[in-house]
Protein chains: 2
Amino acid sequence: MKYNFPITRTTTPKAKPDPDTLRFGQLFTDHMFIMEYTTGKGWHDGKIVPYAPLQIEPAAAVFHYAQEMFEGLKAYKSKDGRVLLFRPDMNAKRTTSTNERMCIPHLDEELMVEAIKAVVNVDKDWIPEKKGTSLYIRPFIIADEPFLGVRPSDHYLFMVILSPVGPYYEGGLAPTKIFVEDDFVRATPGGTGFAKIGGNYAAGMKSQEKAHEKGYEQVLWLDGVERKYVEEIGTSNAFFKIHDEVITAPLSGTILPGITRDSVINLLKQWGIKVSERRLTIEEVFEAGKQGKLIEMFATGTAAVISPVGELSWKDEKVVINNGEIGELSQKLYDELYGLQIGEVEDTLGWTVQV
Amino acid sequence: MKYNFPITRTTTPKAKPDPDTLRFGQLFTDHMFIMEYTTGKGWHDGKIVPYAPLQIEPAAAVFHYAQEMFEGLKAYKSKDGRVLLFRPDMNAKRTTSTNERMCIPHLDEELMVEAIKAVVNVDKDWIPEKKGTSLYIRPFIIADEPFLGVRPSDHYLFMVILSPVGPYYEGGLAPTKIFVEDDFVRATPGGTGFAKIGGNYAAGMKSQEKAHEKGYEQVLWLDGVERKYVEEIGTSNAFFKIHDEVITAPLSGTILPGITRDSVINLLKQWGIKVSERRLTIEEVFEAGKQGKLIEMFATGTAAVISPVGELSWKDEKVVINNGEIGELSQKLYDELYGLQIGEVEDTLGWTVQV
């Protein structure tokens with residue numbers, strides 16, 4: 001390893017959780033990675049320390065101006081005992097473009113991946129092994145200089161924390177009910193839709209709350225300008241199989257460049273299935289639904305991998321997809337991706353990285 | 001007082017700063033207000049304690065999903081020794097609408113104002129008295145429940161911190177150079193433009209950086225849909241005096257409902273000057289500029305009160321406003337508002353509140 005981060009081990013290790021009752025993002029492991037950035041000095045003093053509260057001034061920029069970003073990926077333990085990450089270079093690459101948009105100083109991509117590997121290695125006994133469970137990895141950067149005023153901070157923390165998790169949807173790979181959001185907007189050209197930042201998620205909570213009140217799991221976002229092109233599902237990318245074409249929104253600045261999204265596109269191409277990154281109107285989706293041509297619809301994301309949609313509602317219209325059951329393609333994609341991630345499907349694309 | 005917040009006084013008071021060298025938002029007083037929210041219990045345990053770092057878990061929601069909001073106002077000490085706030089009820093009212101949008105639990109407006117008054121009262125000796133200086137008050141709320149997952153937090157902190165400040169623009173009431181932002185977008189209908197939240201400010205930093213690189217102080221934002229209507233200037237509201245009409249963008253969801261904005265509109269009406277809250281295209285502004293009808297342009301905000309614009313640049317066009325000097329109306333508004341705030345102009349509207 002090029003980097004040799006000092007490690008301070010905890011003297012009070014916590015009990016490992018029961019893998020049968022694991023939920024998502026509630027528990028954290030014994031250690032974390034932390035590194036500072038100071039203007040004029042760059043990123044410095046990366047180290048692994050016991051997971052503990054931060055001491056942060058109330059005036060820290062992150063609390064006021066939300067200068068912050070995050071990433072998310074998972075570590076799995078394969079049956080033969082290897083610890084596997086899935087395409088961590090893609091998280092590092094996305095971090096670069098997020099940071100550039102948010103005026104956060106560039107973080108060397110190789111250093112980021114090495115930091116992730118180092119802290120996962122220290123806490124590898126925390127990786128749960130039961131099917132559907134994993135060790136969720138949360139790299140993030142916060143601006144912690146204490147000042148009031150709108151400008152980029154002169155001090156940051158880059159951290160990696162780890163959380164043993166159960167399935168994101170407690171019901172497993174079950175089709176969800178989605179409703180088309182006509183009022184609230186997630187992203188607009190010239191905004192921050194492609195960046196993985198807190199502000200995008202905070203802005204979306206109100207819409208999610210509305211969806212829950214109406215009895216839906218998530219919302220399908222439309223574009224912010226014409227309000228007619230489908231964009232994302234909640235915090236995931238959206239795919240539509242219409243007749244023999246699989247369609248997802250193009251990466252034109254309002255869409256998060258999902259790693260599962262990219263992996264799905266690659267797999268579909270490899271399998272000889274027609275896949276298009278193109279704008280698709282909600283009218284086209286409903287028209288296809290009425291004609292029986294909306295074969296499948298699913299969301300992709302790190303947390304749930306593939307999340308099939310069983311019902312889509314828009315204004316007074318409703319379309320049931322694949323009889324509300326998991327589609328053939330959704331299942332195949334889930335099996336392939338999850339199989340790759342846990343090391344049970346042969347990795348011919350070099351996507352898995354061993355810690 | 002209806003509320004009686006317990007006070008723990010510092011045992012190590014800091015030295016007061018030199019009023020001649022005060023900058024903006026760099027120093028904080030001896031005390032702060034802090035109150036918790038817990039789901040099922042509501043807001044509880046409001047108290048005044050010594051200003052000190054917070055102990056917050058790395059997994060706290062605010063660091064990942066930016067569920068946070070803030071307000072800003074100033075306290076002045078009048079010549080006869082009264083401590084004055086300016087329309088704090090408006091900050092509390094805006095907090096209510098921000099919180100509603102951000103799924104942050106409602107904070108009683110009267111309680112919020114009383115909390116501000118209580119902590120300002122404890123640190124009233126920190127209010128600088130030199131012309132142009134004040135005690136900047138920063139109320140804010142952060143979601144601090146430690147969990148990963150996109151949903152509203154079940155625990156929050158409401159805090160008020162205080163900073164003795166010099167003028168926001170170190171040059172005083174000098175006209176600024178502004179450039180029209182054509183690429184980046186601040187807000188869009190269905191988004192969060194009207195809410196006072198970190199995410200809006202984080203998203204705007206890149207554009208401000210671009211403005212500075214081009215030799216401008218700030219940007220003029222255009223609407224996110226048609227990219228032709230003027231919206232805000234940097235983090236302030238924008239006013240244009242064209243011929244005998246003063247125009248500012250309407251509060252249609254993308255504009256921050258500024259308290260200085262509202263005060264300016266009220267004063268103009270009182271003075272019999274025609275003032276319109278209406279959409280105004282950037283073409284109309286430049287056309288008026290070329291015809292010599294763009295009499296004045298200024299930004300309004302709590303930090304700088306009134307900030308005149310001396311030059312506006314858009315693509316290859318440039319318009320100099322009022323010979324690059326402070327306009328008559330800008331000066332009159334500044335004198336009136338600042339005079340009210342420091343208690344030297346008679347307050348016939350009941351805008352000032354004594355602590």
Side-chain angles (χ1 to χ4, degrees), chain A residues 24-26 28 32 34 51-59 62-68 70 72 100-103 136 138 140 142 146-152 159 161 163 165 168 183-185 188-192 197-206 208-209 224-225 227 234-235 303, chain B residues 24-26 28 32 34 51-59 62-68 70 72 100-103 136 138 140 142 146-152 159 161 163 165 168 183-185 188-192 197-206 208-209 224-225 227 234-235 303:
Chain A
F24 197 91
Q26 304 283 324
F28 299 91
M32 64 187 187
I34 186 164
Y51 180 91
L54 300 168
Q55 284 242 356
I56 302 204
E57 280 221 33
V62 64
F63 295 142
H64 304 269
Y65 307 109
Q67 208 196 357
E68 61 186 66
F70 72 91
E100 203 277 334
R101 179 65 181 84
M102 304 313 291
C103 303
Y136 182 78
R138 170 56 58 92
F140 65 106
I142 56 173
F147 73 99
L148 302 178
V150 183
R151 63 157 172 84
M159 303 184 64
I161 57 174
S163 174
V165 299
Y168 192 78
D183 299 321
F184 295 113
V185 164
T188 195
T192 57
I197 56 164
N200 291 344
Y201 294 82
M205 284 182 192
K206 186 76 189 164
Q208 195 181 46
E209 191 176 81
V225 174
R227 304 284 187 104
T235 60
Chain B
F24 198 92
Q26 304 283 323
F28 299 91
M32 62 187 190
I34 187 164
Y51 180 91
L54 299 169
Q55 285 243 353
I56 301 202
E57 280 221 33
V62 65
F63 296 140
H64 304 268
Y65 307 109
Q67 208 196 0
E68 61 187 65
F70 71 92
E100 203 275 336
R101 179 64 181 85
M102 304 313 292
C103 303
Y136 183 79
R138 171 55 58 92
F140 65 106
I142 55 174
F147 72 98
L148 302 177
V150 184
R151 63 157 173 84
M159 303 184 65
I161 58 175
S163 174
V165 299
Y168 192 78
D183 299 320
F184 296 113
V185 164
T188 196
T192 58
I197 57 164
N200 291 345
Y201 293 82
M205 284 183 192
K206 186 76 190 165
Q208 196 181 45
E209 193 177 78
V225 173
R227 304 285 186 106
T235 59

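Remember, it's a predicted structure, so these values are computed and weren't measured experimentally.
- In this structure, NZ in Lys206(B) is found 5.0 Å from SG in Cys103(A), a value given to the nearest 0.5 Å.
- Interface summary for chain A: among Arg138(B), Met159(B), Arg227(B), the most heavy-atom pairs under 4.5 angstrom belong to Arg138(B).
- To the nearest 0.5 Å, atom CG of residue Leu54(A) and atom CG of residue Leu54(B) are 10.5 Å apart.
- Ile56(A) places none of its side-chain heavy atoms less than 4.5 Å from the side chain of Ile56(B).
- With a 4.5 Å cut-off on non-hydrogen atoms, Glu209(B) touches chain A through its side chain but not through its backbone.
- Per-residue counts of heavy-atom pairs under 4.5 Å with chain A were compared for Pro58(B), Gly25(B), Gly198(B), Pro53(B); the largest is that of Pro58(B).
- Taking Glu68(A) as the reference, nothing meets the side chain to side chain donor-acceptor pair (under 3.5 Å) condition, with sequence neighbours excluded.
- Residues Phe147(A) and Ser163(B) have side chains not in contact (no heavy-atom distance under 4.5 Å, counting atoms from C-beta outward).
- Note: Ala66(B) leads Ala303(B), Gly72(B), Ala66(B), Gly199(B) in heavy-atom pairs under 4.5 Å with chain A.
- Summarising the geometry of Ala203(B) relative to Met102(A), their closest heavy-atom pair is N-CE, 4.1 Å, with the distance given to 0.1 Å.
- In terms of heavy-atom pairs under 4.5 angstrom with chain A, the leader among Ala59(B), Gly149(B), Gly224(B), Pro146(B) is Ala59(B).
- At a 4.5 Å heavy-atom cutoff, the contact between Ile161(B) and chain A is made by side-chain atoms alone.
- A distance of 12.5 Å separates OG1 in Thr192(A) from CE in Met205(B), rounded to the nearest 0.5 Å.
- Only the side chain of Phe140(A) comes within contact range of chain B, with heavy atoms under 4.5 Å apart.
- With a threshold of 4.5 angstrom between heavy atoms, Arg101(B) approaches chain A through its backbone and through its side chain.
- Using a 4.5 Å cut-off between heavy atoms, Gln208(A) touches chain B through its side chain atoms alone.
- Residue Ala52(B) touches chain A through its backbone alone, counting heavy-atom pairs closer than 4.5 Å.
- Atoms OH and CZ, from Tyr65(B) and Phe70(A) in turn, are 5.0 Å apart once rounded to the nearest 0.5 Å.
- The contact between Phe28(B) and chain A is made entirely by side chain atoms (from C-beta outward), counting heavy-atom distances below 4.5 Å.
- Looking only at heavy-atom pairs under 4.5 Å with chain A, the residue among Val225(B), Thr235(B), Asn200(B) that has the most is Val225(B).
- The CD1 atom of Ile142(A) sits 8.0 Å away from the NE2 atom of His64(B) when rounded to the nearest 0.5 Å.
- In this structure, chain A has heavy atoms under 4.5 Å from both the backbone and the side chain of Glu57(B).
- Legend: residues meeting salt bridge (charged side-chain N to carboxylate O under 4.0 Å, His left out) with Arg151(B), ordered by chain and number and at least two apart, are Glu145(B), Asp154(B).
- A distance of 15.0 Å separates CD in Gln67(B) from OH in Tyr201(A), rounded to the nearest 0.5 Å.
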